[in-house]
There are 2 protein chains.
Amino acid sequence: MEKEDALNALAALGQETRLDVFRLLVKAGKEGMTAGAISDDLSVRPNTLSTHLGVLSRSGLVQAERDGRSICYRASLEAMQGLVTYLLQDCCGGNPELCAPIVSLVAGGGCEPGGAC
Amino acid sequence: MEKEDALNALAALGQETRLDVFRLLVKAGKEGMTAGAISDDLSVRPNTLSTHLGVLSRSGLVQAERDGRSICYRASLEAMQGLVTYLLQDCCGGNPELCAPIVSLVAGGGCEPGGAC
DNA sequence: TCCATATTTCGAGAATACTCGAAATAACGA
DNA sequence: TCGTTATTTCGAGTATTCTCGAAATATGGA
């Protein structure tokens, strides 16, 4: 991931409504959610939401797919992975020995399949 | 890490100068850098930099310590760890099976001590 | 105490971001 | 084709952010 991509992703997530949208989509998983469903869920007006969804889409953090009259949005786990990797690469670059605790925390306590994370 | 903390951290990193500062401090490691050194390195005016350092400090991503006439700034790996964990927790929450590739990538290819990451 | 260095705070101007109502576009079914 | 639903685009108003010069604060040394 290039610096500009990371910058766009971070800026996109650094706004409350968009962070809410992204987390909601992550929770929704691969089925995703329509713009209308997100709008209802978060009580954000459709046109305002559409602007935010555009920012998230352009940053690559979410992907849009039309399904009939609705448009389905999904969180891009690949983009998320890229962002986290970018941040951790920065971390490791100068201080490999300081990075270990982060990795072990993520790898050890994070995500057992089916676990409560 | 609470949502508001994550939001502040993401917003802080979602600005080019501040991302540059943060990456520079990560590279600098535990020795940190003085405000003046950062200013010289990035060619940012001292007063402008001071504003950005304030944002980063308030977000918890960097810590300041006075050393004589200078003030030394250091990246907080703990805050970084908290942010990454927060993002990955979101990831795992609804889709533990999708999270595995991220974790394995980070844990496997990320950071061998002394390695090139 | 006085001066030089290092950094921050203040105040203002310009640029950017956020939100909204209204109107436009796209898709489906009668 | 026409009407309905779903979403986006447009334009404007407000708020926030970014940057800067100037002034203030803090520290150390002569």
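By convention in this document, chain letters (A, B, ...) are assigned in the order of the sequence lines, proteins followed by strands, and residues within each chain are numbered from 1.
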So what does B:Thr34 hit on the nucleic acid, given a heavy-atom distance under 4.0 Å: a base, only sugar-phosphate, or nothing?
sugar-phosphate
Write down the distance between CE (B:Met33) and P (C:dA6), rounded to a whole number of angstrom.
14 Å
Quick one: B:Asp20 CG to D:dC18 C1', roughly how many Å, whole number?
15 Å
Between A:Val55 and A:Ala12, which heavy-atom pair has the shortest distance, and what is it?
CG1-CB, 4.1 Å
When the C1' atoms of the five terminal pairs at each end define the local axes, what inter-axis angle does the helix from C:dT1-D:dA30 to C:dA30-D:dT1 show, to 10 degrees?
20°
If the condition is side-chain contact (heavy atoms from CB on, under 4.5 Å), which residues does A:Ala11 pass it with, not counting sequence neighbours?
none
Under 4.0 Å, heavy atoms only, any strand: does A:Ser70 hit a base, just the sugar-phosphate, or nothing?
sugar-phosphate
What is the separation between atom CG on B:Leu19 and atom C1' on D:dC18, rounded to the nearest whole Å?
16 Å
CG of B:Leu42 versus P of C:dT7: gap in Å, rounded?
14 Å
In whole Å, I'd like the distance from the CD atom of A:Glu65 to the P atom of D:dT8.
14 Å
Taking all heavy atoms of A:Gly60 and all of A:Ala79, pick out the closest pair and write down the distance.
O-CB, 3.2 Å
Taking only residues two or more places apart in sequence or in another chain, which ones pass salt bridge (Lys or Arg N to Asp or Glu O under 4.0 Å) with A:Glu16?
B:Lys3
Listed nucleotide nearest any side-chain atom of B:Ile71, set D:dT9, C:dC18, C:dT7:
C:dT7
Can you tell me how far apart CG (B:Leu53) and CD1 (B:Ile71) are? Round to the nearest 0.5 Å.
9.0 Å
What's the CG-C1' distance between A:Asn8 and C:dA17, to the nearest Å?
14 Å
Within this structure, what is the CG-to-P distance between B:Leu53 and D:dC18, rounded to whole angstrom?
13 Å
Round to the nearest Å and state the distance from A:Glu16 atom CD to C:dC18 atom P.
12 Å
Hey, does the side chain of A:Tyr73 come within less than 4.0 Å of D:dT8's phosphate (OP1/OP2), counting only N and O?
yes
Closest contact, heavy atoms only, A:Leu83 versus A:Ala9
CD2-CB, 4.1 Å
Say you draw a straight line from CD of A:Gln15 to CG of B:Leu10; how long is it, rounded to the nearest 0.5 Å?
11.5 Å
Which pairs pass side chain to side chain donor-acceptor pair (under 3.5 Å) with one or both residues in residues 54-73 of chain A, sequence neighbours excluded?
A:Glu65-A:Arg74
For the student: nearest non-hydrogen atoms of B:Leu87 and A:Leu13, plus distance
CD2-CD1, 4.4 Å
Under 3.5 Å, is there a donor-acceptor pair between the side chain of B:Glu2 and the main chain of B:Glu4?
no
B/S/- contact track for nucleotides 19-30 of chain C, protein heavy atom under 4.0 Å
BBBB----BB--
What N/O pairs connect the protein and nucleotides 11-15 of chain C at under 3.5 Å? Give each pair on its own line.
none

Side-chain polar contacts of residues 36-52 of chain A - donor-acceptor pairs under 3.5 angstrom, sequence neighbours left out - could you list them?
from	atom 1	to	atom 2	distance (Å)
A:Ser39	OG	A:Val44	O	2.6
A:Thr51	OG1	A:Asn47	O	3.3
A:His52	ND1	A:Arg18	NH1	3.2

Once rounded to the nearest 0.5 Å, what's the spacing between atom CG of A:Leu25 and atom OG of A:Ser76?
11.0 Å
